[in-house]
Amino acid sequence: MLLIQDLKGLKDEIRSVKQEQLTRLLEQCKWYSEQELSLTHPPTSITHMGMAAANLSLAYLLTGSKHYLTEAKRWIFTAVGYDVWGYGFLVDVDLSASWLLYGFGLSYDWLKDILKEEEREKLLEKLILQGNKMYRYAQENRGNCWATDFWQNHNWINYCGLMATAYAIREEYPEAEVWIHGCVENFEFVFSHMPEDGSNYEGTGYWRYAITFVLSAAELIRECEGKDLFQSGYLKNTFWFKLYQTAPNMEENINFGDVHDTRSSHSIAAYYKFASEYNNEYAQWMAEEVRTKYLFREAYQSKLLPGIMPEAFLELIWFNPKVSRKNPSDLPLTRFFADLGLAVIRSGWERDSIHFSFKSSAPGGNIQWKDSWKLNKANNWRTRSLTHYHVDFNNFILKAFDSSMAIDEGFNRTNRARNHSLITVDGQGCLGEKIWKEGSLKDSKLFDLNSKGIFNVWRDVPEECVASIEHYSSEYGYTYVVGESSKMYEPALRLSRNARNVLYSENGYFIIFDELKSEKPHTYTWHLQSEQLAEEIREHDFEIVNGKGVLNVYVHGTVPMDISVEETILHEIMTPQRPNDIRKVVLKTLKLQNKQETENMVYLNVLVPRSIFEEEPVQIKRISEGSVIGVEIVGKDFEELFLYAQDEKIAYGDINENGIWMSIVKKKGIVVKKAIYKEGITYA
């Protein structure tokens with residue numbers, strides 16, 4: 001439907017079921033008429049110009065109002081007059097060019113019978129010129145550029161933009177069929193190699209940035225080739241990835257990876273498309289929530305440009321009024337995305353609910369890591385572009401009571417484990433971090449090249465350097481996940497185990513225990529990142545107050561620890577196309593580390609989020625007896641006994657069990673559930 005075939009049907013719909021989407025479109029077009037345009041290429045991104053043309057062109061088609069046509073021409077031919085499309089890096093052959101090829105290609109298809117002959121020829125000539133530049137670059141650099149970065153947003157956006165133009169001009173320019181063949185072949189490969197669970201290693205921000213192009217590509221291919229890529233598991237399931245990586249307030253995202261800010265989150269157009277394609281009532285509900293409640297806050301607080309507002313034309317085209325809406329309150333509270341090793345735990349779907357996300361996988365996700373190594377070896381290619389993937393194996397993010405409790409640094413190219421809620425060994429994180437001893441990203445001219453190439457933290461990481469989820473289960477009132485990441489560290493450290501265990505017994509807190517083993521003694525440093533400084537309220541009991549929420553952290557371990565709180569300030573240029581747009585993040589870090597070097601140790605910490613308006617909901621008693629450590633957690637109407645034994649012999653009081661850990665939950669003195677873990681979980 002992007003290459004509009006039923007204009008009459010669309011005109012009928014805007015009089016009835018799509019009136020509000022039409023209003024959105026026309027309001028966006030009014031904004032365009034108030035903007036001044038530079039007659040020479042501005043020193044910044046021009047991606048928004050393609051979307052402006054598409055919005056204005058569709059507004060003219062639907063209303064017949066000539067001022068929309070006049071305005072569409074102003075935007076189109078201003079950019080047509082630019083010598084190049086793009087600024088600073090990969091001029092003519094990357095995102096600025098592809099966004100214009102997408103928007104101008106659609107506009108050409110919609111307006112070519114309306115434009116004057118000289119206008120049509122001028123636009124066609126520019127589209128041919130820019131399309132050939134894009135296609136030639138992809139072919140000449142295949143194996144070492146976005147053309148074969150099959151799992152990355154530049155691949156999807158650039159090929160989709162080229163394809164939109166190719167389909168629009170194929171009758172006047174038969175050579176465009178070659179572009180089409182290459183684009184279709186690319187997306188067939190992409191959709192057959194993307195994770196079936198719908199997860200995205202670049203994070204929710206870049207998911208949001210690229211998703212309309214992914215959907216547009218599938219739609220164009222179905223319209224023009226009859227191939228239905230919407231049957232891919234990735235497209236069927238990626239809405240669930242986004243939904244479960246949406247914060248309880250439904251406005252913000254969970255920002256693993258390079259995510260510019262927690263407001264760069266939503267795409268109404270994409271939600272409409274998921275709703276229409278899969279009769280997904282939850283996606284329709286989400287779209288309407290954003291449209292009626294969060295649209296303008298998303299627009300003015302998001303740093304991901306051009307943002308949500310220019311998608312108005314896609315919202316109108318993709319909205320299917322026949323799909324009903326359904327609140328997600330009946331959906332499961334836990335979900336596991338195996339490819340990214342992403343486990344999500346929610347206490348509910350209300351705004352003040354607890355939301356905990358934990359991830360551990362091979363760099364870029366398990367499928368990409370495995371398949372890209374095969375491709376690279378077979379073809380002498382470089383198909384992994386992982387600069388948006390952080391050093392965050394075994395990392396977690398916690399939100400509760402409409403507040404951030406444990407945070408991620410978000411967008412930062414100078415990637416280090418120490419800036420996440422992770423464990424460093426003798427101050428070291430991922431073995432790839434050694435590149436920061438060699439240089440920096442301060443040279444603005446080489447900034448983008450450096451971040452994608454020589455200063456890519458994953459550049460020289462070997463194939464065996466992976467983290468993984470050893471266990472995930474969510475049943476009988478327990479959710480338990482284990483991430484193991486010892487292979488991510490320098491081999492010289494002789495680390496044999498770095499396992500983070502998370503146990504949630506549905507009582508409103510998380511038991512997190514980290515197992516560390518090595519053949520050499522080390523200083524292990526446990527980090528918890530937050531927005532506010534932790535305050536010690538009792539010995540080894542800490543409190544972090546942020547907004548309406550409080551996080552109590554009860555610290556325990558197998559050896560004496562030094563505990564400190566520090567502040568880390570991070571600055572990062574968002575893009576070399578906007579060198580003065582600098583993102584500042586302040587991390588407030590709670591650090592635990594062993595006083596004396598040791599080969600093995602265990603951190604056992606209980607994280608209890610609560611409302612600022614309530615007292616501590618639990619009391620914690622620490623247990624250390626022989627080889628067993630544990631905690632007794634006493635709440636208002638329950639108690640949980642958690643015990644861990646490194647030697648797999650759990651002996652405490654009258655308890656004598658074989659296992660690594662066990663949990664017993666009682667209410668009014670009666671056991672209501674019990675779990676013991678050895679090679680798997682036994683429930684009672």
message = Quiz question: by atom type and distance under 3.5 Å, do the side chains of D408 and N255 form a donor-acceptor pair?
response = no
ask   = Distance only, no hydrogens: is a donor on one side chain within 3.5 Å (strictly under) of an acceptor on the other, for Q301 and D261?
value = no
ask   = Is K126 close enough and on-axis enough to W85, meaning under 6.0 Å and within 45°, for cation-pi?
value = yes
request  = Apply ring pair (Phe, Tyr, Trp, His ring centres under 6.0 Å) to the pair W110 and Y60, showing each step before the final yes or no.
outcome  = CA-CA 10 Å; W110 299 343; Y60 172 71; over 10 Å; no
inquiry  = Distance check, rounded to the nearest 0.5 Å: H260 atom NE2 versus S265 atom OG?
reply    = 13.5 Å
task = Taking all heavy atoms of S385 and all of Q152, pick out the closest pair and write down the distance.
result = OG-NE2, 3.3 Å
ask   = Using the ring of each side chain (for Trp, its six-membered ring), is W99 parallel, tilted or perpendicular to F213, with breaks at 30° and 60°?
value = perpendicular
ask   = With under 30° as parallel and over 60° as perpendicular, where do the rings of Y173 and W179 fit, or are they tilted in between?
value = tilted
key: Short N-O contact, R351 and E251, less than 4.0 angstrom   = yes
request  = Give a yes or no answer on whether the side chain of S474 reaches the backbone of T479 with a donor-acceptor pair at less than 3.5 Å.
outcome  = no
message = Can you confirm whether the side chains of S353 and E350 place a donor and an acceptor under 3.5 Å from each other?
response = yes
query = Between H48 and W75, how do the two ring planes meet: parallel, tilted or perpendicular, split at 30° and 60°?
reply = perpendicular
ask   = Could you go step by step and tell me if E277 and R222 meet the salt bridge (Lys or Arg N to Asp or Glu O under 4.0 Å) rule?
value = CA-CA 12 Å; E277 286 296 327; R222 185 171 60 189; 2.6 Å; yes
Residue pair G341 / F336: nearest heavy atoms and the distance that separates them = C-CE1, 3.9 Å
ask   = Which atom names give the shortest non-hydrogen contact between K18 and L10, and what distance separates them?
value = NZ-CD1, 3.8 Å
task = Under the ring pair (Phe, Tyr, Trp, His ring centres under 6.0 Å) rule, collect the residues that match up with Y272, sequence neighbours excluded.
result = F319
query = Quick one: do the Y102 and S216 side chains pair a donor with an acceptor below 3.5 Å?
reply = yes
message = Do K548 and F401 form a cation-pi contact, if we require the NZ or CZ to be under 6.0 Å from the six-membered ring centre and within 45 degrees of the ring's axis?
response = no
key: Heavy-atom closest pair, residues Q284 and N320   = NE2-O, 2.9 Å
request  = Classify the angle between the aromatic ring planes of Y201 and Y389 as parallel (below 30°), tilted (30 to 60°) or perpendicular (above 60°).
outcome  = tilted
query = Do Y271 and H266 have side-chain atoms, one donor and one acceptor, less than 3.5 Å apart?
reply = yes
request  = Go through the side-chain N and O atoms of W207 and Q245 and say whether any donor and acceptor fall under 3.5 Å apart.
outcome  = no
ask   = Does E71 pair with R74 as a salt bridge, N-O distance under 4.0 Å?
value = yes
ask   = For Y68, which of L58, N55, L56 qualifies under side-chain contact (heavy atoms from CB on, under 4.5 Å)?
value = L56
task = Please name the pair of heavy atoms, one in V80 and one in L123, separated by the smallest distance, quoted to 0.1 Å.
result = CG2-CD1, 3.9 Å
task = Can you spot which of F239, F256, W349 makes a ring pair (Phe, Tyr, Trp, His ring centres under 6.0 Å) with Y244?
result = W349
message = With a 6.0 Å cut-off (strictly less than), is the heavy-atom count around CD of E175, excluding the residue itself, greater than 12?
response = yes
key: Reported OG1-to-CG distance for the pair T78 and L37, which is rounded to 0.5 angstrom   = 4.5 Å
query = Any side-chain donor-acceptor pair under 3.5 Å between E252 and N249?
reply = yes
request  = Please assess F241 against L342 for the test side-chain contact (heavy atoms from CB on, under 4.5 Å), listing each intermediate value before the final yes or no.
outcome  = CA-CA 9 Å; F241 166 74; L342 174 65; 3.8 Å; yes
remark   = What one should report as the nearest heavy-atom pair of G86 and H41 is N-NE2, 2.9 Å
ask   = Are the side chain of H193 and the backbone N or O of F189 linked by a donor-acceptor pair below 3.5 Å?
value = yes
key: Expected output: side-chain S57 to main-chain S107 donor-acceptor under 3.5 Å   = no
query = Just by distance, with hydrogens left out, do T246 and K242 show a side-chain donor and acceptor under 3.5 Å apart?
reply = yes
message = Test your reading of the model: is there a side-chain donor-acceptor pair from D197 to the backbone of A338, 3.5 Å cut-off?
response = yes
The single option from K273, R208, R24, R291 passing salt bridge (charged side-chain N to carboxylate O under 4.0 Å, His left out) against E311 = R208
inquiry  = Please check this pair: side chain of E119 against backbone of L115, looking for a donor-acceptor N/O pair closer than 3.5 Å.
reply    = no
query = According to the interplanar angle, ranging from 0 to 90°, do the rings of H388 and H154 count as parallel (below 30°), tilted (30 to 60°) or perpendicular (above 60°)?
reply = parallel
query = Does atom CD of E36 have more than 12 heavy-atom neighbours from other groups under 6.0 Å away?
reply = no
task = Please answer whether the main-chain N or O of I128 pairs with a side-chain N or O of N132 as donor and acceptor at a distance below 3.5 Å.
result = yes
message = Does E118 have more than 12 heavy atoms from other residues, nucleotides or ligands lying within 6.0 Å of its CD?
response = yes
query = Going by the ring-ring contact (aromatic ring centres under 6.0 Å, His included) test, which pairs reach into residues 276-313, not counting sequence neighbours?
reply = W240-Y282
